[in-house]
Amino acid sequence: MDTIGVIGAGQMGAGIAQVAAVAGYRVLLSDREAALADKGKAGIARRLGSAVAKQAMSAADADAALARIETVGDYAAFADASIVIEAATEREEIKRAIFSEVGALMAGDAILATNTSSIPITRLAQAAPDPARFMGVHFFNPVPVMKPIELIRGLATSEATVTSVETFAKTLGKTVVHANDAPGFIVNRVLMPMLNEAIFALGEGVASIRDIDTAVSLGLNHPMGPLTLADFIGLDTCLEICRVLHGGTGDPKFRPAPLLVKYVEAGWLGRKTKRGFYDYSGAEPVPTR
Ligand code: 3HC
């Protein structure tokens with residue numbers, strides 16, 4: 001593999017583009033319009049700049065990595081890509097539309113992968129040009145920092161596709177884990193009930209936002225408390241994953257906390273809207289209740 005296509009230049013897509021470029025790949029980074037892809041690339045430039053400032057990377061390596069990223073506003077250039085990784089908005093109809101558009105332009109032997117956090121791979125594969133060359137590649141946020149990649153095969157994914165994507169993932173310096181196509185895969189199956197339970201606890205008045213986060217963070221040695229982490233992931237994403245777990249298993253233990261639903265209805269989606277369980281409009285996050 002030499003050229004990697006990345007669709008979606010938000011937090012996840014830009015992170016994937018960054019690690020691929022640092023690993024030496026040519027990266028085509030796209031978004032709905034070229035300006036959004038450029039914005040994603042500007043964020044990568046900032047992060048590489050701070051790695052240089054911390055002496056974690058040389059300025060020459062950072063410049064070379066940045067120069068390997070080309071931003072594009074459509075998929076025409078994706079004909080060159082050996083693998084295309086979709087990291088667009090977590091909505092099935094958006095992903096399906098992307099797959100049919102990019103699928104028509106990709107090379108006959110190229111692999112299409114999705115960074116979905118929870119939509120079933122076997123179902124999404126139906127919109128891919130070839131389900132045998134389609135699979136899930138689930139990165140974690142922030143991508144440059146977080147070690148694992150979950151590889152999820154759909155029913156029709158071929159062995160050759162899994163082997164080739166695993167080899168690629170390891171060249172990014174990541175640790176590969178394999179998961180079957182079950183709701184939430186591994187990490188979100190385990191993580192979301194914990195975040196959701198913290199929100200139930202808040203809604204039931206067990207403790208304040210600050211105390212829930214401090215207790216869990218220090219008591220379990222987690223880098224972030226669960227409410228801070230939910231804000232970091234995005235409350236809409238958390239709700240969507242809870243719904244996939246609930247709907248996909250039929251198990252009531254996965255039902256979303258009513259307070260999570262309310263926050264999403266209010267448009268309080270976490271850091272990205274500057275308000276979730278914390279208010280992010282000032283220098284330091286302030287709990288909202
Ligand atoms: N992009 C790139 N690098 C980043 C970053 C970002 N957005 N945020 C922080 N970093 C880097 C910093 O540059 C720093 O690098 P260095 O060690 O080389 O200097 C390192 O991460 C530590 O950063 P800070 O010192 O600024 O801050 P913290 O020590 O508080 O760490 C954190 C920040 C890495 C985000 C840490 O709080 C953490 O690990 N939190 C938990 C994150 C987590 O659980 N992610 C998984 C979410 S679930 C998911 O993604 C699945 C999805 O499907 C929902």
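Indexing begins at 1, ligand by ligand and atom by atom, following the structure's order. Just so it is clear, the model here is predicted, and its values are computed rather than measured.
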**Asked** How does the hydrophobic cluster around I186 look, that is, which other residues are in it when side-chain heavy atoms under 4.5 Å mark a link?
**Response**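 Members besides I186, by chain and number: V177.
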**Request:** Measure the spacing between CE of M192 and OG1 of T237 and express it to the nearest 0.5 Å.
**Result:**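 So the gap between those two atoms works out to 7.5 Å.
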**Prompt:** S281: what forms a side-chain hydrogen bond (donor to acceptor under 3.5 Å, both in side chains) with it, not counting sequence neighbours?
**Reply:**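 Expected list: D279.
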**Prompt:** Is the Y280 ring parallel, tilted or perpendicular to the Y278 ring (thresholds 30°, 60°)?
**Reply:**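 The rings of Y280 and Y278 sit tilted, inter-plane angle from 30° to 60°.
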Write none if no such pair exists; otherwise list each N/O atom of ligand 1 with its protein N/O partner under 3.5 Å and the distance.
| unit_1 | atom_1 | unit_2 | atom_2 | d |
| --- | --- | --- | --- | --- |
| ligand 1 | 13 (O) | K54 | NZ | 2.8 |
| ligand 1 | 15 (O) | K54 | NZ | 3.4 |
| ligand 1 | 19 (O) | K54 | NZ | 2.8 |
| ligand 1 | 45 (N) | N141 | O | 2.8 |
| ligand 1 | 50 (O) | N141 | N | 3.0 |
| ligand 1 | 53 (O) | H138 | NE2 | 2.7 |
| ligand 1 | 53 (O) | N188 | ND2 | 3.0 |

**Message:** What I'd like to find out is whether the side chain of I149 reaches to under 4.5 Å of the side chain of H138, using heavy atoms alone.
**Reply:**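 They are not in contact (no side-chain heavy atoms under 4.5 Å apart), so the answer is no.
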If you look only at distance, which donor and acceptor atoms sit under 3.5 Å apart when one is on a side chain in residues 3-23 and the other is two or more places apart or in another chain?
| unit_1 | atom_1 | unit_2 | atom_2 | d |
| --- | --- | --- | --- | --- |
| T3 | OG1 | R26 | NH1 | 3.4 |
| Q11 | OE1 | N141 | ND2 | 3.2 |
| Q18 | OE1 | R47 | NE | 2.9 |

